[in-house]
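Below is one structure; the comments refer to it alone.
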Amino acid sequence: MESLEIKTVEMHTGGEPVRIVVSGMPPIIGKTIIEKMNYIRDNLDYIRKMLMNEPRGHSDMFGVILVEPDTPEADLGCIFIHNGGYATMCGHVSIAVGRYAVDYGIVKNLKSPETEVTLQCPCGLVKMYVEYSNGKSGITIFKSVPAYVYQLDLEIIVPGFGTTTVDISYGGGFYAVLSASKLGLDLTTSSVEKLKDAGEAVKDAVNKSLKLTHPEGSDLAFMFGVILTDGNDEFSDEPTTQVSVFGHRQVDRSPCGSGTTARVAQQIKRGYMKLNQQRKYQSVIGSVFTGEAIQEVKYGPYDAVIVKISGRSYKTGTSVYTVETDDETGKGFLLS
Ligand SMILES: O=C(O)[C@H]1NCC[C@@H]1O
């Protein structure tokens, strides 16, 4: 532990933190990206706890450990980390890592007006298009893995909130999507604590009533989060607001890239949106991503769509993290 010296680049996307681990990790064993994620989870989880939890992080911290990809198609491999564990996809991090790859010389073939970066994520390859001109990077668009609805109108009993229905949709991770009003909540007036309670309760309820499967195996088949929306599903030029609750009662400050991907697939399936219609998705702090389904594809047995998301990230600093051997508290704790 004492010899750890983890170097990070710190960014945020739409207010959601991105702690990018760029060096200092012990060797990571594994051939595939999933094997690497599982190796870190089983052998190096103390590093996630040290970087995400207090006193170096906080209960809403998010990050990524950069690893060697196992395919020449990818520029970087991404292991996404949060307060409770690991994510198979993360849009807000991908948006930041796209800029990082351009600004820190990871990608050599810089092109204006946009430079392509490919990330290997546990869910698959994610293609980034980073705005780049006059030596400056900017807005990043990503095209994720195929997104699809797993089940519409799943009935669940949510303790403390009643019986309701949710749609289960996949955007690189599985989300339950529902209007906050179905739980008697309002995204503008309900407290963040109440939204966390609801998110946790919905996730538990879905886990009790549904066994998820995924065409590429069980490592991808778990409920990642809950998207509570303002219910404004009909297409409009106005943004629709949503909040993603995931991990250990963690609340996304950004509109949530993978959650937006899942919601676009759900809105297409329900006929609220059409292919090539671009919509604005707003977080509870007012940051905005755009989302658009650009192509229909078949994914295993599912009718899926390829979704394009755009957002903007910013750099906030760099850090070097260490831990002293006798510092038990400094190994990481959560207060909530
Ligand atoms: O943008 C996203 O996809 C995410 N943000 C935090 C939780 C999700 O992974």
Side-chain angles (χ1 to χ4, degrees), residues 10-20 33 37 41 48 51-52 57-65 78-100 119 121-128 139-147 169-177 192 195-196 199-200 202-203 219-220 222-229 241-266 280-291 306-314:
E10 312 275 335
M11 297 180 74
H12 80 89
T13 304
E16 180 72 355
V18 185
R19 179 159 288 167
I20 307 175
I33 190 87
M37 178 175 75
R41 183 196 61 205
R48 177 191 65 77
L51 292 173
M52 296 293 98
H58 51 81
S59 53
D60 290 285
M61 179 51 85
F62 209 105
V64 59
I65 298 169
C78 291
I79 307 296
F80 304 113
I81 51 178
H82 56 77
N83 75 8
Y86 299 80
T88 52
M89 170 57 191
C90 180
H92 91 274
V93 167
S94 299
I95 287 169
V97 172
R99 276 199 74 207
Y100 164 80
L119 305 182
C121 304
C123 64
L125 290 180
V126 174
K127 195 95 197 146
M128 318 293 304
I139 289 171
T140 300
I141 292 171
F142 72 82
K143 275 197 251 167
S144 188
V145 294
S169 194
Y170 180 79
F174 283 98
Y175 287 89
V177 183
V192 171
L195 298 175
K196 288 184 191 181
E200 282 279 297
V202 168
K203 191 159 81 174
D219 287 303
L220 297 171
F222 65 95
M223 272 295 296
F224 179 69
V226 174
I227 301 282
L228 299 170
T229 78
T241 303
Q242 62 194 23
V243 65
S244 165
V245 183
F246 62 95
H248 174 68
R249 297 173 65 77
Q250 201 163 339
V251 171
D252 203 331
R253 274 70 176 143
S254 86
C256 186
S258 51
T260 303
T261 306
R263 188 171 174 206
V264 169
Q266 178 245 11
K280 293 192 190 84
Y281 295 85
Q282 179 173 274
S283 76
V284 279
I285 66 155
S287 54
V288 174
F289 287 171
T290 67
I306 299 296
V307 176
K308 204 166 89 173
I309 302 283
S310 78
R312 180 71 162 94
S313 61
Y314 292 90

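Given the structure is predicted, the values throughout are model-derived calculations rather than measurements. Along the sequence shown, residues are numbered consecutively beginning with 1. Atoms within a ligand are numbered from 1 in the order they appear, just like the ligands themselves.
Among the atoms of Glu16, none of the N or O lies under 3.5 angstrom from an N or O of ligand 1. For ligand 1, the polar-atom distance check finds no N/O of Ser254 at less than 3.5 Å from any of the ligand's N/O atoms. Below 3.5 Å of separation, one finds no N or O of Gly259 facing any N or O of ligand 1. Taking distance alone, with nitrogen or oxygen atoms compared against 3.5 Å, Cys90 stays at or beyond that limit from ligand 1.
Between Phe246 and Phe224 the shortest side-chain heavy-atom distance falls below 4.5 Å. Here the side chains of Phe289 and Ser310 are not in contact, with every heavy-atom distance at 4.5 Å or above. Contact check for Phe142 versus Ile95: side-chain heavy atoms found under the 4.5 Å cut-off. Using a 4.5 Å heavy-atom threshold, the side chains of Arg48 and Tyr86 count as touching. Side-chain contact check for Arg263 versus Thr229: some heavy-atom pair is nearer than 4.5 Å. For the pair His82 and Met61, the minimum side-chain heavy-atom distance is 4.5 Å or more.
The closest approach between Phe289 and ligand 1 stays at or above 4.0 Å for every heavy atom of the residue. Distances shorter than 4.0 angstrom occur between a heavy atom of Met89 and an atom of ligand 1. Contact analysis leaves Ser244 out of contact with ligand 1, as no non-hydrogen atom separation drops below 4.0 angstrom.
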Intermediate values then yes/no, salt bridge (Lys or Arg N to Asp or Glu O under 4.0 Å), Arg19 and Glu10: CA-CA 5 Å; Arg19 179 159 288 167; Glu10 312 275 335; 2.9 Å; yes
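For atom 6 (C) of ligand 1, the nearest non-hydrogen atom from the set Val93, Asp252, Val245, Ile309 comes from Asp252.
Interatomic distance, His58 NE2 to Gln250 CD, rounded to the nearest 0.5 Å: 8.5 Å.
Which parts of ligand 1 touch Phe224 is read off a 4.0 Å heavy-atom cut-off, strictly below it: atoms 7 (C), 8 (C), 9 (O). Close approach of ligand 1 to Ser258 (heavy-atom distance below 4.0 Å) involves ligand atoms 1 (O), 2 (C), 3 (O), 8 (C), 9 (O). Of all atoms in ligand 1, listed by their number and element, those nearer than 4.0 Å to a heavy atom of Gly257 are 1 (O), 2 (C), 3 (O). For ligand 1, the atoms sitting less than 4.0 Å from at least one non-hydrogen atom of Phe246 are 6 (C), 7 (C), numbered in the order shown with element in parentheses.
Residue contacts with ligand 1 for Phe80 are absent, since no atom lies close enough (heavy atoms, distance under 4.0 Å). Counting heavy atoms under 4.0 Å from ligand 1, residue Tyr175 touches it through the side chain alone.
Looking at residues two or more places apart in sequence or on another chain, you find no salt bridge (Lys or Arg N to Asp or Glu O under 4.0 Å) involving Asp219.
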